[in-house]
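Quantities reported herein were computed from a predicted structural model and do not represent experimental measurements.
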There are 2 protein chains.
Amino acid sequence: MKTIRDVAKSAGVSPATVSRVLNNKGYVSEEKKARIEKVIQEMGFEPNQVARGLAKKTSNTLALIVSDITNPFFPELAKGAEHVAHLNGYSLMLGNTMGVDSEDNDYIKILMNKYIDGVIIATHDIDSELLEKHTKMPMVILEMENKIENACTIKVDTLQGSITATEHLISIGCKKIAHIYGPLYDQTAKERLQGYQNVIHEHPEREEVIVPGDFTIDGGIAAVSQLLKDHPDVDGLFVGNDLMAVGVIKELSRLHIRVPEDIAVCGFDGIYLTKVVSPEITTIEQPIYKMGELAAEKLIDRINNPYMNNESIELKTKLVIRQSSKKDN
Amino acid sequence: MKTIRDVAKSAGVSPATVSRVLNNKGYVSEEKKARIEKVIQEMGFEPNQVARGLAKKTSNTLALIVSDITNPFFPELAKGAEHVAHLNGYSLMLGNTMGVDSEDNDYIKILMNKYIDGVIIATHDIDSELLEKHTKMPMVILEMENKIENACTIKVDTLQGSITATEHLISIGCKKIAHIYGPLYDQTAKERLQGYQNVIHEHPEREEVIVPGDFTIDGGIAAVSQLLKDHPDVDGLFVGNDLMAVGVIKELSRLHIRVPEDIAVCGFDGIYLTKVVSPEITTIEQPIYKMGELAAEKLIDRINNPYMNNESIELKTKLVIRQSSKKDN
DNA sequence: AGACAATGTGAAACCGGTTTTAGATCTCTT
DNA sequence: AAGAGATCTAAAACCGGTTTCACATTGTCT
């Protein structure tokens with residue numbers, strides 16, 4: 001591998017001057033600049049990122065920490081983030097917290113001593129306050145309550161989305177609408193429940209029926225049994241996320257309960273799985289890929305401009321009506 | 001951040017000695033070793049990986065390059081690889097080649113000038129020969145024809161798997177079995193086709209019916225129309241991969257063709273999607289997560305022992321019979 | 001007792017960049 | 001014409017580790 005000193009020697013200048021043209025920073029005469037660029041071309045010189053990182057306390061790397069990359073929400077997010085990162089000359093480090101005993105907040109140490117430039121946090125398993133305390137690393141927090149004043153948050157209008165979902169079920173004529181909610185340490189799970197409750201409570205004649213779930217397919221399956229035991233007359237189901245909705249559809253099909261004729265179903269997230277199962281599932285769609293892109297963009301903004309004010313971005317969701325809630329009668 | 005010189009000063013030794021205990025390498029008296037370790041503890045010193053990287057031409061990072069992380073095969077692979085990497089003190093860099101105009105083999109440059117220690121290649125978009133030529137980076141190649149003599153290959157017994165699949169369809173009584181194959185630049189697509197053909201040609205009375213596909217859900221949907229136009233009497237379908245099989249199931253359901261009663265379906269890969277749709281899909285299951293783990297393990301082996309012989313590992317597939325091929329008559 | 005290997009340690013060089021410092025020129029002002 | 005800036009450049013220091021080298025000490029074997 002060629003070094004900057006090789007280039008310098010060959011161009012008859014000092015390494016410092018080469019560095020100046022490399023970084024387009026400081027004074028360099030047009031003549032030397034041209035000469036150096038020519039030599040760089042000819043030698044096929046590429047600056048060593050590790051050496052550069054050591055000197056600049058930088059790594060040109062972003063981290064994306066998710067709880068479980070196997071959850072179909074995250075690959076789409078990751079793809080968006082990786083795309084933008086790559087476009088801007090950054091690499092993306094992937095962290096998967098699920099199944100790791102995060103003794104001593106393992107990942108935080110790595111972020112620090114590898115000079116990771118910024119991190120996108122999409123898991124509850126990272127202690128972002130600790131991270132913020134130890135490093136002032138630029139952070140983007142996804143879909144979570146954010147206690148860090150110095151981090152950018154990206155979320156969707158969850159409350160409005162779940163209101164829309166519930167009202168949609170009402171509008172197609174459902175009489176008794178239940179909600180399967182996710183783990184309540186999750187801010188979004190709470191808000192989705194809240195939205196459902198808001199709508200139900202506006203209608204005094206309606207009964208609130210809620211069942212706990214865990215945001216997994218199996219959780220959805222389990223919730224259905226639980227639900228039907230106590231409320232066999234439910235005819236509309238707003239499920240806390242799409243993964244559970246998939247489980248719900250499966251279980252209802254197994255029980256020969258027709259969707260949407262007997263029970264209409266609406267999920268939340270907009271993962272592509274909703275289009276894969278039959279019936280296809282009505283859902284509140286989030287722009288997941290877009291969120292990944294946006295997260296990386298904002299992160300890079302903050303890296304380049306540390307004094308930028310930390311926005312909190314809220315994206316719109318969209319009701320996508322599919323077979324699982326189509327009662328065209 | 002504390003540096004090694006801080007530790008040295010505080011322990012009354014030279015940085016070199018601290019480095020020796022850090023790396024457990026070279027002679028250090030028990031007494032100083034204990035003293036240094038105590039100081040490290042107390043100061044909470046963590047060696048800077050970037051500096052270490054520069055000195056050792058190392059990064060403690062593996063790269064995983066996939067074509068599209070959104071394809072459900074890859075997150076599972078990534079999870080396995082990340083897990084093992086993390087356990088061994090490595091980070092995992094994710095590269096997604098799809099949608100990138102890989103001008104100048106972008107990713108190869110990154111791998112080189114970030115001192116990435118090794119790479120798992122699971123895409124056709126990386127020119128592994130070029131990579132091998134420029135760097136002698138340890139590589140593990142997944143499920144592809146490997147032209148590099150110095151790389152470890154991991155694949156499954158694709159030929160046997162597809163033979164098993166085809167024979168399974170025969171065994172449940174299918175009379176006319178078709179195959180939807182994937183893009184033939186993909187080695188596995190070729191082998192899956194080959195396995196199908198081997199079995200069919202063993203039975204002179206059977207007709208070979210093959211239709212091209214592209215390994216996507218939509219590709220599966222398209223292939224069904226194509227197939228049924230020319231061969232409405234097909235009653236068994238070995239689909240080149242699960243993603244297409246999902247599309248097939250969907251399209252058959254739309255056409256009110258019953259699975260398995262009218263047409264039995266068998267896929268290949270073992271992605272969890274096969275368990276999500278109904279009917280659940282019979283498939284040739286590969287140990288995907290395991291493959292990810294194994295890839296990382298082998299890669300780390302090679303990094304630690306550059307002269308290790310480059311194995312070629314072949315894993316067994318398993319026929320998993322589900323609803324889509326259950327003809328219990 | 002002398003030779004030789006094994007053990008233990010710090011100074012200095014090194015990895016490959018960036019940044020500071022200091023000095024040289026050149027160009028305006030007044 | 002002298003002083004103030006702006007432009008340009010190389011040498012040297014620096015980022016935070018590792019490794020080589022040189023030298024001392026100790027132990028072991030004839």
Side-chain angles (χ1 to χ4, degrees), chain A residues 1-37 39-40 43-61 89 109-117 135, chain B residues 1-37 39-40 43-61 89 109-117 135 303-304:
Chain A
M1 280 291 81
K2 299 300 175 193
T3 75
I4 202 174
R5 301 187 211 251
D6 297 330
V7 174
K9 191 174 299 172
S10 170
V13 299
S14 77
T17 305
V18 178
S19 177
R20 282 185 209 107
V21 340
L22 245 29
N23 293 284
N24 204 17
K25 186 179 182 177
Y27 296 111
V28 180
S29 65
E30 282 306 320
E31 179 242 332
K32 292 210 170 162
K33 183 171 176 194
R35 192 156 86 228
I36 290 169
E37 279 170 345
V39 172
I40 289 178
M43 302 181 71
F45 166 79
E46 295 272 341
N48 178 314
Q49 295 297 331
V50 178
R52 180 177 272 189
L54 178 57
K56 307 221 289 198
K57 297 186 190 306
T58 259
S59 64
N60 273 300
T61 302
K109 276 187 195 161
I110 294 174
L111 297 179
M112 281 171 40
N113 58 38
K114 284 200 173 163
Y115 287 154
I116 300 297
D117 299 319
T135 75
Chain B
M1 281 289 81
K2 299 298 176 195
T3 74
I4 201 175
R5 303 187 210 251
D6 297 330
V7 173
K9 192 174 298 172
S10 171
V13 298
S14 77
T17 306
V18 177
S19 177
R20 283 188 202 103
V21 340
L22 245 30
N23 294 283
N24 204 17
K25 185 179 185 179
Y27 296 112
V28 180
S29 66
E30 281 307 320
E31 177 242 331
K32 291 209 171 164
K33 182 172 177 193
R35 192 157 84 229
I36 291 170
E37 279 170 345
V39 172
I40 289 178
M43 301 180 71
F45 166 80
E46 295 274 339
N48 179 314
Q49 295 297 331
V50 178
R52 182 176 273 191
L54 178 58
K56 306 222 289 198
K57 296 187 190 307
T58 259
S59 64
N60 273 301
T61 301
K109 277 188 195 161
I110 294 174
L111 296 178
M112 283 170 40
N113 58 38
K114 284 199 174 165
Y115 287 153
I116 300 296
D117 299 320
T135 74
I303 291 167
N304 293 332

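- The minimum heavy-atom distance linking A:Ile4 with A:Phe45 is given by the pair N-CE1, 3.6 Å.
- Atom CG in A:Asn23 sits 5.0 Å away from atom CZ in A:Arg52 (nearest 0.5 Å).
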What does the list of N/O pairs under 3.5 Å between the protein and nucleotides 5-8 of chain C look like, with a distance for each?
unit_1	atom_1	unit_2	atom_2	d
C:dT7	OP2	B:Tyr27	OH	2.5

Which side-chain N or O atoms in residues 5-13 of chain B pair as donor and acceptor under 3.5 Å with protein atoms at least two apart or in another chain?
unit_1	atom_1	unit_2	atom_2	d
B:Asp6	OD2	B:Thr3	N	2.9

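- How far CG of B:Leu54 is from CD of B:Gln49: 12.5 Å, rounded to the nearest 0.5 Å.
- The distance from the OG1 atom of B:Thr17 to the NZ atom of B:Lys33 is 13.0 Å, given to the nearest 0.5 Å.
- The C1' atoms of five pairs define one axis at each end of the helix from C:dA1-D:dT30 to C:dT30-D:dA1, and these two axes lie 40° apart (to 10°).
- Between A:Leu22 and A:Ile40, some side-chain heavy-atom pair lies under the 4.5 Å cut-off.
- Looking only at distances, a side-chain donor or acceptor of A:Ser59 sits under 3.5 Å from a matching main-chain atom of A:Tyr115.
- Proximity of B:Arg35 to B:Val21: side-chain heavy atoms (C-beta onward) are nowhere separated by under 4.5 Å.
- Taking atom CG of residue B:Asn60 and atom C1' of nucleotide D:dT18, one finds them 14 Å apart after rounding to whole Å.
- If you take OG on B:Ser29 and CD1 on B:Ile36, they are separated by 7.5 Å, rounding to the nearest 0.5 Å.
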Each nucleotide N or O in nucleotides 24-29 of chain D that has a protein N or O under 3.5 Å away: list the pair and distance.
none

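- For the atom pair OG1 (A:Thr61) and NZ (B:Lys114), the distance works out to 3.5 Å, reported to the nearest 0.5 Å.
- Under the salt bridge (charged side-chain N to carboxylate O under 4.0 Å, His left out) criterion, B:Arg20 pairs with no residue at all, not counting sequence neighbours.
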Quick tally for nucleotides 15-21 of chain C: nucleotides whose base has a protein heavy atom under 4.0 Å get B, sugar-phosphate-only ones S, the rest -, giving BBBBBB-
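- With a 6.0 Å radius and a threshold of 12 heavy atoms from other residues, nucleotides or ligands, A:Met1 has its CE atom at or below the threshold.
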